[in-house]
Trainee: 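Right, I'll just put the structure down here and ask away after.
Every heavy atom of this structure was used, including side-chain atoms; hydrogens, water molecules and symmetry mates were not. The structure presented is a predicted model; accordingly, all values stated were derived computationally and were not measured. Numbered from 1 within each chain, the chains take letters A, B, ... in sequence-line order.
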There are 4 protein chains.
Amino acid sequence: MARNRSQDKYYRIILAATRVFAKKGFFHSRISDIAKEAKVADGTIYIYFENKDAILIALFEEQMRAVLDNMVAQLAKEPDSVKRLEIFACTHLELIEQNPDMAEIIQVELRQSGKFMKEYRNERFAQYLDLIADIVREGQASGIFKEDVIPNVFKRAFFGALDEMSRFWVLSSRRHYDIRTAARQVSGYFIGGIRR
Amino acid sequence: MARNRSQDKYYRIILAATRVFAKKGFFHSRISDIAKEAKVADGTIYIYFENKDAILIALFEEQMRAVLDNMVAQLAKEPDSVKRLEIFACTHLELIEQNPDMAEIIQVELRQSGKFMKEYRNERFAQYLDLIADIVREGQASGIFKEDVIPNVFKRAFFGALDEMSRFWVLSSRRHYDIRTAARQVSGYFIGGIRR
Amino acid sequence: MARNRSQDKYYRIILAATRVFAKKGFFHSRISDIAKEAKVADGTIYIYFENKDAILIALFEEQMRAVLDNMVAQLAKEPDSVKRLEIFACTHLELIEQNPDMAEIIQVELRQSGKFMKEYRNERFAQYLDLIADIVREGQASGIFKEDVIPNVFKRAFFGALDEMSRFWVLSSRRHYDIRTAARQVSGYFIGGIRR
Amino acid sequence: MARNRSQDKYYRIILAATRVFAKKGFFHSRISDIAKEAKVADGTIYIYFENKDAILIALFEEQMRAVLDNMVAQLAKEPDSVKRLEIFACTHLELIEQNPDMAEIIQVELRQSGKFMKEYRNERFAQYLDLIADIVREGQASGIFKEDVIPNVFKRAFFGALDEMSRFWVLSSRRHYDIRTAARQVSGYFIGGIRR
DNA sequence: GATGAATGAGGCTTCATTCAT
DNA sequence: AATGAATGAAGCCTCATTCAT
């Protein structure tokens, strides 16, 4: 019971932080902004999190876990490597469309050096990228994809392409085309490029 | 004469800021850090720049102008659209290799919301992306590239792929492969994907 | 309870500021001086006041309210217009004698242009002056004072005379005569001057 | 020749400071503001004045000397003590009308404690007040004014009344009555009040 | 556990003053 | 004598964090 209520506050703070960070950026967000958004006192945040940085780390962990789980579930439905790449692109971009706050943070704040990406090894993000590398390896094993494609290069290129698309999506107010059109275009380039 | 000395200090501050921002990130960098690195007094910085944000903006402008000019010069040598895409990829990644401080800032800080990307329209960056779109349009005009490729989608995907490669390059200490190998892989995927 | 403690700090800061401003002048007073005098942390001041200017404004408001209330109470005791002018002069100068810090600030800092007297309309000060004008009007109505006296001119002249006396009082260390003597002299000049 | 040019700069700086201090107040005025107004370089000011405070002191000295000389000249024309008081009031307020910048500074900045009025004995201002005391003494000697009037109290009351009138005059934008009407009212109160 | 008032270290920025030219 | 770029000390203010209630 007390546990549940605590859990509840923990997630309320994470969600509040997601909204606040997305709107103002990590450095311009104040603890009191998050507290207000989460409807808790400033001090309460320090019961659940060591400090401000820890909120961002936890936010990444929680959000990336959900993103990762969702992607694994989506990919599990389809055995064909080509289709799997399409699904990855589409799932990734749809997620951005549905959860733009989180997308903004992952894109913008994940790049923050200083505390993140250098000192903090983002394990889940690495796993997320490896889903792509695995698809490529499967495709190569089944002879669909070229042998000279380096999976660890491909995974970054593919993710980077999607990520840049989604940044544009998040940042631009006017939408020029459907997000699924974008997903199909991008996965199309890559599939064409590595298919035998 | 006075002009030269002034110009001199202006660029010394820009270069100092490039080093400091790259190392500590914009928000963790102190004006006094930049001043020390540039070997000027703290107050001197405010003779040349309105405030801390303005240093970052100026830094982008100056560095992006150099990057853009260099890219235009490199592309001018080659008429073939396919080769031009390879040149773009190679030039981009080589630049990152040669100027990792600037690369770090453009990648990490350019994403900062707040003052950048939202309020500050990065004209030069848009021009840089449009170089890619133009190559695609030329290739389509000469019948080399597929007609259904959307240049404005392609340019982001292509840039995003290179950018993610270069982030990895900048952030990882151990190098697994040559940067030119990466450039060839990435441009290879895209060229294969949009060629007729 | 929390309210009382807050109120307590608010007035402690006002009183500390009164002492510090009186001693060093507004511009030479540091926030840290006031904080030290009030025995609070520097930052605490910003919980109760927007900025340094706001402390001065609040100080005026609070002190002028007390001064005004006191003067109204003193005047209420006496119906005779002539005696009321004497009471005004005496009460005003006695207040200065009892509260020289406040007097110094009102005299010295109230004149500061910039934020005060021009942008900030001092309502209470205007009310204070109008007490004098009202006495004159009453005296004119009852036929004691000359009809050609302009109350709105008289109020300034009368206040100015007292104010200059009190400035001398505050600033000079050696006292040449009793403050009540001064009050009687000044009110004497004016009463003689406007009596029929 | 060089002397004349130097003298010229000295007064240009004084006049520029008068305008700038009047507009922004002493503390909000920057040396560079005065330099710009005087059309000299910042550093030039330090050839003629020790520091910022010294400009204000010099400004008082110069302006008060002119004010004093003018008042002495005006009073010299009239032997009658009653008329002399009227002339003082009228001359004082006319000066304020003609030179509002100087009036603002003398009223506002002269009150500044800290550096002025306490540490800096304003000799000329004392002399200015003593002109009033002398008129009273003459009037008492010739039996026109009451014997019990204390000249050193009267001088402050009279000056204070005029000063407050002029403050109102300087600060208010809309003019409700003629400045000579005010002069006559004020001197009228006092003359009526001390006449036998 | 929850609160939010209080703390105080530290940053950005200003601007009087200097000094090489 | 004149300049104005450069200096750097110092102040206002913010805000992450603490802790008494």
Trainee: So what's the dot-bracket for DNA chain F: Watson-Crick or G-U pairs under 3.5 Å, [ ] if a pair crosses, | if it pairs off-strand?
Mentor: .||||||||||||||||||||
Trainee: For DNA chain E, which residues in residues 29-38 of chain A have a heavy atom at a distance below 4.0 Å?
Mentor: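 Correct list: empty, so none.
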Trainee: Rounded to whole Å, please give me the gap between CD in D:E50 and C1' in E:dT18.
Mentor: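 About 14 Å, once rounded to whole Å.
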Trainee: Could you check whether A:D69 pairs with A:R65 (Lys NZ or Arg NE/NH1/NH2 to Asp/Glu carboxylate O, under 4.0 Å)?
Mentor: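 Salt bridge: no.
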Trainee: Counting N and O atoms only, with roles assigned by atom type, does the side chain of B:K9 sit under 3.5 Å from a partner on the main chain of B:Y48, one being a donor and the other an acceptor?
Mentor: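 Checking the backbone N and O of B:Y48 against the side chain of B:K9, no donor-acceptor pair under 3.5 Å is found.
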Trainee: Rounded off to whole Å, could you give me the CG-to-P distance for the C:N51 and E:dC12 pair?
Mentor: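 After rounding, the gap between these two atoms is 21 Å.
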Trainee: Restricting to non-hydrogen atoms, name the atom on A:I96 and the atom on A:A103 that form the minimum distance, rounded to 0.1 Å.
Mentor: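 Result for this residue pair: CG1-CB, 3.5 Å.
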Trainee: F:dA2 C1' sits how many Å from D:I13 CD1, rounded?
Mentor: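 Result: 11 Å.
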Trainee: Which residue, D:K24, D:K23, D:R19, forms the side chain to side chain donor-acceptor pair (under 3.5 Å) with D:D33?
Mentor: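 Answer after filtering D:K24, D:K23, D:R19: D:K24.
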Trainee: For A:F27, does its backbone N or O pair with a side-chain atom of A:R30 as donor and acceptor, under 3.5 Å?
Mentor: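 Absent.
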Trainee: Judged by atom type as modelled, is there a donor-acceptor pair below 3.5 Å linking the side chain of D:K36 to the main-chain atoms of D:I31?
Mentor: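 Checked: no pair found.
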Trainee: Rounded to whole Å, how long is the line connecting atom CZ of B:F49 with atom C1' of E:dC12?
Mentor: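 These atoms are roughly 16 Å apart.
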Trainee: In whole Å, I'd like the distance from the CG atom of D:D53 to the P atom of E:dC15.
Mentor: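 These atoms are roughly 16 Å apart.
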Trainee: Looking at D:V40, is its backbone amide N or carbonyl O close enough to the side chain of D:T44 to form a donor-acceptor pair, meaning the two atoms are under 3.5 Å apart?
Mentor: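 Side chain of D:T44 to backbone of D:V40, a donor-acceptor pair under 3.5 Å: no, none is there.
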Trainee: Evaluate the side-chain proximity of A:F49 to A:Y10: yes if any heavy-atom separation is below 4.5 Å, no if none is.
Mentor: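 Answer yes - side chains close enough.
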Trainee: If you take any heavy atom closer than 4.0 Å to DNA chain E, which residues from residues 39-46 of chain B end up in contact?
Mentor: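 DNA chain E contact set from residues 39-46 of chain B: B:G43, B:Y46.
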Trainee: In whole angstrom, what separates B:H28's NE2 from F:dA16's C1'?
Mentor: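 Distance, rounded to whole Å: 12 Å.
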Trainee: When the nearest nucleotide of DNA chain E is assigned to D:K52 and to A:I47 on a heavy-atom basis, which residue is associated with the more 5' position?
Mentor: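 Its nearest nucleotide being more 5', the pick is A:I47.
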Trainee: Nearest 0.5 Å, please: how far is CD1 in D:I14 from CD1 in D:I34?
Mentor: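 With rounding to 0.5 Å, CD1 (D:I34) is 10.0 Å from CD1 (D:I14).
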Trainee: Could you tell me the separation between the OH atom of A:Y10 and the C1' atom of E:dA2, rounded to a whole number of Å?
Mentor: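 Distance check: A:Y10 OH to E:dA2 C1' gives 19 Å.
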Trainee: Ignoring backbone atoms, establish whether B:K9 has a side-chain N or O less than 4.0 Å from OP1 or OP2 of F:dA6.
Mentor: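 The answer is yes; a side-chain N or O of B:K9 sits under 4.0 Å from OP1 or OP2.
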Trainee: Whether the side chain of B:K52 engages the backbone of B:S29 through a donor-acceptor N/O pair (distance < 3.5 Å, no angle test) should be reported.
Mentor: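 Checked: pair present.
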Trainee: Using atom CZ of D:F27 as one end and atom C1' of E:dT14 as the other, report the distance to the nearest whole Å.
Mentor: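 Going from D:F27 (CZ) to E:dT14 (C1'), I get 15 Å.
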Trainee: Report yes or no: does B:R124 contribute a side-chain atom to a donor-acceptor pair with the main-chain N or O of B:M64 at less than 3.5 Å?
Mentor: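 Not at all, since once roles are kept as given, no pair shorter than 3.5 Å links the two residues.
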